Amino acid sequence: MNFHVLTLFPDMITGGLNTSIIGRALEKGLLTLKAIDIRDFSENKHRRVDDYPYGGGAGMVMAPGPVYRAYQHVKELIDTRVDEMNQNLSLVNVDNNTEVKKDENIVNFKKTRVIYLTPQGKVFNQTMAEEFSKEEDLIFLCGHYEGIDERVLEMIVTDPVSIGDYVLTGGELPAMVMIDAISRLVPGVLNNDTSAEFETFQDNLLEYPQYTRPEVFMEKSVPEVLLSGHHANIDTWRRQQSIVRTVNNRPDMIDKAVLTKKEQKFLDEYLKSKE
Ligand code: ADE
């Protein structure tokens, strides 16, 4: 997976994503991350990229030219790489004298998705992360000031995305949030025992609480059942904890959770006990 981020603050992106699990995946070459400085595509001698809004109003607007040229630059890099891959594939096919039809292995020239981070976008969730993780390349466009000239957005953006109902000062943190959530779904990025397969949001239940040593911490003990070694009881307890957390913290999710009859009964009794 290749991430390309169009931004006015490239150091924020590379600095913020170079550590821990994502940093390791970058080192291993499972991911690539390029931050493209939109200012490099300004034609102004002071490298200006913003201007006053037509019609008046507070703040400045990012001009369409630098954003468009930065996008073109990235698009050309992607197209060249795909072209080269396709050329290599045709060479392999000729060398092997295989009967693979010319187009069979050819990488698709489908349009690379361009994600524009904006509070006006569709709200990001795990399903969207899964969908984006299947792409080979993703371009993120980070805005600043009062936004970006609408014409260039109409021309290049395929997916306007918000990370929640609050307003940030720019799109860099939202892009980093999305890149983190998408990256961990790319095969090989998480090690096997931290598989993303069974976790929060997978079945519309929040995760159960976790404990580690010491067994007693400031007079608080680890729940007895977890020390019992009785796996069926542990599983039941964890499911019940998930149900309790979900109904308390995310009541909007509980109706979508798939519960067994026994679990539904547990939930009904829990809700009754709270009345
Ligand atoms: N830019 C500013 N606020 C944002 C948000 N909530 N989500 C995505 N991009 C943003």
Side-chain angles (χ1 to χ4, degrees), residues 1-19 22 31 33-42 47-71 74-75 111-135 137-186 200-201 206 249-250 252-253:
M1 162 76 78
N2 306 297
F3 298 109
H4 314 262
V5 185
L6 309 178
T7 170
L8 293 175
F9 300 97
D11 294 346
M12 193 172 167
I13 301 290
T14 45
L17 287 167
N18 250 332
T19 47
I22 309 300
L31 311 171
L33 172 67
K34 291 216 169 64
I36 297 95
D37 191 343
I38 296 172
R39 238 177 251 288
D40 289 346
F41 298 86
S42 164
R47 289 165 55 87
R48 258 188 80 169
V49 290
D50 62 335
D51 214 329
Y52 296 98
Y54 276 115
M60 304 294 271
V61 176
M62 280 171 71
V67 172
Y68 189 73
R69 287 188 290 277
Y71 163 77
V74 169
K75 191 75 182 83
K111 195 169 187 301
T112 304
R113 292 171 83 166
V114 180
I115 298 163
Y116 173 47
L117 290 313
T118 166
Q120 275 87 46
K122 187 171 163 187
V123 179
F124 188 53
N125 61 25
Q126 191 66 18
T127 308
M128 287 159 76
E130 276 157 26
E131 192 196 310
F132 285 129
S133 74
K134 296 183 185 115
E135 299 288 324
D137 290 273
L138 285 173
I139 301 174
F140 291 85
L141 172 58
C142 305
H144 260 266
Y145 314 119
E146 290 307 306
I148 300 180
D149 186 291
E150 191 67 21
R151 291 164 295 182
V152 71
L153 297 179
E154 285 168 5
M155 287 162 79
I156 68 173
V157 173
T158 58
D159 299 87
V161 179
S162 163
I163 60 158
D165 291 339
Y166 40 83
V167 181
L168 300 165
T169 54
E172 283 74 15
L173 287 171
M176 286 158 70
V177 166
M178 285 187 70
I179 290 170
D180 190 291
I182 295 166
S183 294
R184 61 192 291 291
L185 300 173
V186 171
T200 297
F201 302 128
L206 301 182
N249 297 350
R250 292 293 304 271
D252 56 306
M253 271 170 58

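As the structure lists them, so they are numbered: ligands from 1, and atoms in each ligand from 1. In this text, all values refer to a predicted model and were calculated from it rather than measured experimentally.
- Of the polar atoms of Gly164, at least one N or O is found under 3.5 Å from an N or O of ligand 1, judged by distance alone.
- At least one heavy atom of Val161 sits less than 4.0 Å from an atom of ligand 1.
- The shortest heavy-atom contact between Arg39 and Leu8 is N-CD2, 4.1 Å.
- Under the 4.5 Å side-chain criterion, counting only non-hydrogen atoms from C-beta, Leu185 is in contact with Gln126.
- Annotation: atom 4 (C) of ligand 1 to nearest protein heavy atom, Pro119 CD, 3.7 Å.
- Within a 6.0 Å radius of CG in Asp165, no more than 12 heavy atoms belonging to other residues, nucleotides or ligands are found.
- With Ser133 contributing its side chain and Val186 its backbone, the two residues share no donor-acceptor pair below 3.5 Å.
- Within the 4.0 Å heavy-atom criterion, both parts of Ser162, backbone and side chain, lie near ligand 1.
- Smallest separation of non-hydrogen atoms from His144 and Met62: N-SD, 3.3 Å.
- Closest non-hydrogen pair, Val49 versus Ser42, comes out as CG1-CB, 4.0 Å.
- In terms of heavy atoms, Tyr116 sits closest to Gly143 at CE1-N, 4.2 Å.
- Heavy atoms of Gly121 come nearer than 4.0 angstrom to ligand 1 in no pair at all.
- Here atom 3 (N) of ligand 1 lies nearest to Leu168 when heavy atoms of Val123, Leu117, Leu168, Asp165 are compared.
- Polar contact with ligand 1: present for Ile163 (N/O pair, distance under 3.5 Å).
- Residue Gly170 approaches ligand 1 through these ligand atoms, each under 4.0 Å from one of its heavy atoms: 1 (N).
- Applying the 4.0 Å criterion to heavy atoms of Tyr166 picks out, from ligand 1, the atoms 3 (N), 5 (C), 6 (N).
- At the top of the distance list for atom 8 (C) of ligand 1, counting protein heavy atoms only, stands Thr118 N, 3.5 Å.
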